[in-house]
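Written below as C-alpha coordinates is the structure these notes are about.
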Amino acid sequence: MKYKELISELYACANECNACFEACLKEKDVEKLERCMQLDEECYDICELTARMLERGSEHKDLFLSLCAQICIACADECETHHHDHCMKCAAACRTCAEKCIANESEVKSWE
(Lines give C-alpha, C1' and ligand atoms only; values in the text may rest on other atoms or scores of the structure.)
Protein backbone atom coordinates (compact mmCIF):
# COMPACT_ATOMS: atom_id res chain seq x y z
CA MET A 1 0.00 0.00 0.00
CA LYS A 2 1.39 3.38 -1.08
CA TYR A 3 0.61 5.28 2.14
CA LYS A 4 1.18 2.49 4.67
CA GLU A 5 3.58 4.49 6.90
CA LEU A 6 1.39 7.59 6.82
CA ILE A 7 -1.74 5.60 7.58
CA SER A 8 0.00 4.03 10.58
CA GLU A 9 1.03 7.51 11.75
CA LEU A 10 -2.54 8.78 11.39
CA TYR A 11 -3.93 5.94 13.49
CA ALA A 12 -1.15 6.39 16.07
CA CYS A 13 -1.99 10.09 16.36
CA ALA A 14 -5.69 9.29 16.70
CA ASN A 15 -4.88 6.87 19.51
CA GLU A 16 -2.78 9.48 21.36
CA CYS A 17 -5.57 12.04 20.99
CA ASN A 18 -8.07 9.57 22.39
CA ALA A 19 -5.76 8.71 25.29
CA CYS A 20 -5.25 12.41 26.02
CA PHE A 21 -9.01 13.03 25.96
CA GLU A 22 -9.65 10.15 28.36
CA ALA A 23 -6.86 11.27 30.69
CA CYS A 24 -8.10 14.87 30.65
CA LEU A 25 -11.46 13.66 31.93
CA LYS A 26 -9.72 12.33 35.05
CA GLU A 27 -7.80 15.52 35.85
CA LYS A 28 -8.89 17.70 38.76
CA ASP A 29 -8.71 20.83 36.58
CA VAL A 30 -10.88 19.32 33.82
CA GLU A 31 -12.72 22.61 33.19
CA LYS A 32 -9.40 24.18 32.14
CA LEU A 33 -8.93 21.36 29.65
CA GLU A 34 -12.15 21.84 27.68
CA ARG A 35 -10.46 23.25 24.56
CA CYS A 36 -7.80 20.57 24.76
CA MET A 37 -10.47 17.89 24.89
CA GLN A 38 -12.41 19.42 22.00
CA LEU A 39 -9.30 19.49 19.83
CA ASP A 40 -8.40 15.95 20.92
CA GLU A 41 -11.77 14.81 19.58
CA GLU A 42 -11.46 16.79 16.35
CA CYS A 43 -7.94 15.53 15.76
CA TYR A 44 -8.98 11.95 16.50
CA ASP A 45 -11.83 12.21 14.02
CA ILE A 46 -9.83 13.80 11.19
CA CYS A 47 -6.90 11.41 11.61
CA GLU A 48 -9.21 8.39 11.47
CA LEU A 49 -11.09 9.80 8.48
CA THR A 50 -7.92 10.76 6.61
CA ALA A 51 -6.48 7.28 7.15
CA ARG A 52 -9.66 5.72 5.74
CA MET A 53 -9.61 8.07 2.73
CA LEU A 54 -6.02 7.07 1.98
CA GLU A 55 -6.87 3.38 2.41
CA ARG A 56 -9.59 3.64 -0.19
CA GLY A 57 -7.59 5.87 -2.54
CA SER A 58 -9.84 8.91 -2.38
CA GLU A 59 -9.31 11.43 -5.16
CA HIS A 60 -9.62 14.12 -2.46
CA LYS A 61 -6.74 12.86 -0.33
CA ASP A 62 -4.80 16.11 -0.66
CA LEU A 63 -7.70 18.03 0.90
CA PHE A 64 -7.92 15.59 3.79
CA LEU A 65 -4.15 15.72 4.33
CA SER A 66 -4.19 19.52 4.42
CA LEU A 67 -7.09 19.71 6.87
CA CYS A 68 -5.61 16.96 9.00
CA ALA A 69 -2.29 18.80 9.25
CA GLN A 70 -4.05 22.01 10.29
CA ILE A 71 -6.08 20.30 13.01
CA CYS A 72 -3.07 18.33 14.25
CA ILE A 73 -1.11 21.58 14.60
CA ALA A 74 -3.98 23.25 16.48
CA CYS A 75 -4.24 20.25 18.81
CA ALA A 76 -0.48 20.21 19.41
CA ASP A 77 -0.44 23.96 20.11
CA GLU A 78 -3.20 23.57 22.71
CA CYS A 79 -1.77 20.45 24.33
CA GLU A 80 1.60 22.18 24.73
CA THR A 81 -0.04 24.78 26.98
CA HIS A 82 -0.77 22.10 29.61
CA HIS A 83 1.68 20.42 31.97
CA HIS A 84 0.20 16.92 31.86
CA ASP A 85 2.31 14.07 30.46
CA HIS A 86 -0.59 12.88 28.32
CA CYS A 87 -0.86 16.34 26.75
CA MET A 88 2.86 16.37 25.95
CA LYS A 89 2.65 12.91 24.34
CA CYS A 90 -0.38 13.99 22.33
CA ALA A 91 1.36 17.18 21.19
CA ALA A 92 4.39 15.23 20.00
CA ALA A 93 2.23 12.74 18.09
CA CYS A 94 0.24 15.57 16.51
CA ARG A 95 3.38 17.43 15.40
CA THR A 96 4.81 14.29 13.80
CA CYS A 97 1.52 13.50 12.10
CA ALA A 98 1.17 17.07 10.79
CA GLU A 99 4.69 16.97 9.34
CA LYS A 100 3.98 13.69 7.56
CA CYS A 101 0.64 14.93 6.24
CA ILE A 102 2.28 18.07 4.84
CA ALA A 103 5.11 16.07 3.24
CA ASN A 104 2.68 13.62 1.66
CA GLU A 105 0.28 16.35 0.56
CA SER A 106 3.12 17.87 -1.46
CA GLU A 107 3.87 14.49 -3.02
CA VAL A 108 0.21 13.91 -3.90
CA LYS A 109 -0.04 17.29 -5.62
CA SER A 110 3.16 16.69 -7.59
CA TRP A 111 1.85 13.34 -8.91
CA GLU A 112 -1.27 14.86 -10.36
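Hydrophobic clustering (ILVMFWY, side-chain heavy atoms < 4.5 Å, transitive): Tyr44 and Ile46 are in distinct clusters. Linking Ile, Leu, Val, Met, Phe, Trp and Tyr residues whenever their side-chain heavy atoms come within less than 4.5 Å leaves Leu67 and Ile102 in two separate clusters. Hydrophobic clustering, with ILVMFWY side chains joined whenever heavy atoms are under 4.5 angstrom apart, groups Phe21 together with Val30.
The heavy-atom pair separating Cys36 from Cys20 by the smallest distance is SG-SG, 4.1 Å. Listed here is the closest heavy atom pair of Asp40 and Cys79: OD1-SG, 3.8 Å. Closest approach of Ala98 to Ile73, counting heavy atoms only: CB-CG1, 3.7 Å. Nearest heavy atom pair, residue Cys101 against residue Leu65, reads CB-O, 3.6 Å. Closest of all the heavy-atom pairs between Glu9 and Ala93 is OE2-O, 4.3 Å. When every heavy atom of Ser58 is checked against every heavy atom of Phe64, the shortest pair comes out as OG-CE1, 4.3 Å.
Interatomic distance, Glu31 CD to Leu33 CG, rounded to the nearest 0.5 Å: 8.0 Å. Atom CD in Gln70 sits 12.0 Å away from atom SG in Cys43 (nearest 0.5 Å). Annotation: the span from Cys75 atom SG to Arg35 atom CZ amounts to 9.0 Å, rounded to 0.5 Å. Here Lys89 contributes atom NZ and Cys94 contributes atom SG; the two are 13.5 Å apart, rounded to the nearest 0.5 Å. Remark: Leu63 CG to Cys68 SG distance equals 12.5 Å, nearest 0.5 Å.
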Working for side chain to side chain contact (heavy atoms under 4.5 Å, CB included), residues His86 and Cys24 | CA-CA 8 Å; His86 56 85; Cys24 283; 3.4 Å; yes

Glu99 and Arg95: CA distance, side-chain angles, deciding distance, salt bridge (Lys or Arg N to Asp or Glu O under 4.0 Å) verdict | CA-CA 6 Å; Glu99 289 170 10; Arg95 293 259 179 240; over 6 Å; no

Go through Lys32 and Glu27 one step at a time and tell me if the salt bridge (Lys or Arg N to Asp or Glu O under 4.0 Å) criterion holds.
-> CA-CA 10 Å; Lys32 293 180 182 177; Glu27 296 292 342; over 6 Å; no

Start with the C-alpha gap between Leu25 and Glu22, add the side-chain angles, then the distance that decides, and say whether side chain to side chain contact (heavy atoms under 4.5 Å, CB included) holds.
-> CA-CA 5 Å; Leu25 286 174; Glu22 293 294 325; 4.2 Å; yes

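Between Glu42 and Gln38, the side chains place a donor N or O and an acceptor N or O closer than 3.5 Å (distance only, hydrogens not considered).
Between the side chain of Asn15 and the backbone N or O of Tyr11, at least one donor-acceptor pair lies under 3.5 Å. No donor-acceptor pair closer than 3.5 Å links the side chain of Ser66 to the backbone N or O of Asp62.
Looking only at side-chain heavy atoms (C-beta outward), Leu54 and Leu10 come within less than 4.5 Å of each other. With contacts defined as side-chain heavy-atom distances shorter than 4.5 Å, the pair Cys17/Cys47 does not qualify. Here the side chains of Met53 and Thr50 are not in contact, with every heavy-atom distance at 4.5 Å or above.
Remark: of the listed residues His84, Glu78, Glu80, Glu78 is the sole one forming a side chain to side chain donor-acceptor pair (under 3.5 Å) with His82.
Annotation for Asp29: atom CG counts as buried by contact number, over 12 foreign heavy atoms lying within 6.0 Å.
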